[in-house]
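Residue indices begin at 1 and follow the sequence shown. When a ligand or atom number is given, it counts from 1 through the structure's own listing order. Values reported hereafter were calculated over all heavy atoms of this structure, with side chains retained and with hydrogens, waters and symmetry mates removed.
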Amino acid sequence: MENKYRKDFPFFKAIDENNSKHNNGLIYFDTAATAQRPYLVLDAMSHFYATANANPLRGLYSLSERATFAYEDARSTVAKFINANDNSEIIFTRNTTESLNLIAYSYGVNNLKEGDEICISIMEHHSNIIPWQMVCGFTGAKLVYLECDKQTGEISDEEISKKITKKTKIVSCVHVSNVLGITNPIKKLSKAAHDVGAIMIVDGAQSSPHFKIDVQDLDADFFALSGHKLCGPMGIGALYGKKELLESMPPFLRGGEMIEYVTRETATWAEVPHKFEAGTVSAGDAVGMAAAMRYLNNVGFDKIQEHDLILTKRLMDGMKSIPHVKFVGSDDPSKRCGIVTFTIDGVHPHDIASLLSEEKIAIRAGHHCAQPLQQYLQINASARASLYFYNTEAEIDIFLDKLSQLRKWSGYKD
Ligand code: PMP
């Protein structure tokens, strides 16, 4: 099956036309770590720097106004992309990690106290664990983990009602796990959180590239995403927050552009979102991320999901027939969002990735920044192939052929 999207990407176009000096023939199965970027994103960024490069939000001349317009237009694209109610509910950050730290430092440290609880899931990425450990350290609050079924990765209703209690002040959960690929029941979690007066935070790093996000439907108080996971540039992300919450919070970083008025002793803050965007902003990157979001909307999330499922099914069906391969998480392709994590008996995941690298296949191996999950599942490391709409069935077949030989290459007879 021809993949009509690959020509949109310089990376794949070069591979497919066999003229790539560096990546000749490479099979890229590491989109969960970072996606490739289409020409359109690179073009939008170079157009910004070629035609509108001035410090946005400051200058009174037309070039700076153009820069401001481009930056605020990007904000409006992000707001539409996740169905925020108002553009001012979108704060540009560097990435999901910074978005979550912003909430931890600004909301968490200032609103929690001893006896309170923060409830996260056992499958969180470190960037949705360590900020909360910090808040607990500062405030005396306790971190509570929602555990999942070890086979399927599912978090049960009983677990939700057992762990989210009157003591809970924050629930923060990954939408799609970067290890298990599972989509968590965010609407249920939001309801449970709100029923006890807690706020609901969603780590959308892995969900936002794969399906249409509606923060209002999820009833999330905060939603964090990274541009580079959804075909945008590295170094730009966004944090959605409900306006009344953002307005009630103190700034995270302090300096230029986030103020209303400064005296020798004190300062007052700009309105949201600018209160949370101190210093010169990453306008070119914001423009690039907005172009990526428009591109994904044009591809269509129904198409992306359809393609995810076809490829994941082919991959997992093939892997099921290779002896000694074990999935980490569900063996149901419709529950994986293109993220297939696995082990092979007797072959260390680092060796799996290195041997595949010699065969020009890029996958991730290690702890995937989710060590508490690995401890819970009692595995030291795992390998992960992650797919996107620009991957092909032919690539899957090559991957399966190489995977089936890995134990032999490692000295085993079967
Ligand atoms: N959460 C999840 C689920 C992730 O997969 C990642 C990236 N691997 C992050 C958070 C952190 O994203 P970033 O490095 O872009 O901040």
**Message:** Checking S386 now: which residues fulfil side-chain hydrogen bond (donor to acceptor under 3.5 Å, both in side chains) with it, not counting sequence neighbours?
**Reply:** none
**ring pair (Phe, Tyr, Trp, His ring centres under 6.0 Å) pairs, two or more places apart, involving residues 106-150** = H126-H367
**Item:** Under 4.0 Å from ligand 1 - residues by heavy atom, chain and number
**Value:** N95, T96, T97, H125, S127, V174, N178, D203, A205, Q206, S226, H228, K229
**Asked** Which heavy atom in I182 sits nearest to a heavy atom in T152, and how many Å separate them?
**Response** CD1-O, 3.3 Å
**Results of side-chain hydrogen bond (donor to acceptor under 3.5 Å, both in side chains) for K4 - residues two or more places apart only** = none
**Request:** Check the surroundings of atom NZ in K212: do more than 12 heavy atoms from other residues, nucleotides or ligands lie under 6.0 Å from it?
**Result:** yes
**Whether R6 side chain and K13 backbone form a donor-acceptor pair below 3.5 Å** = no
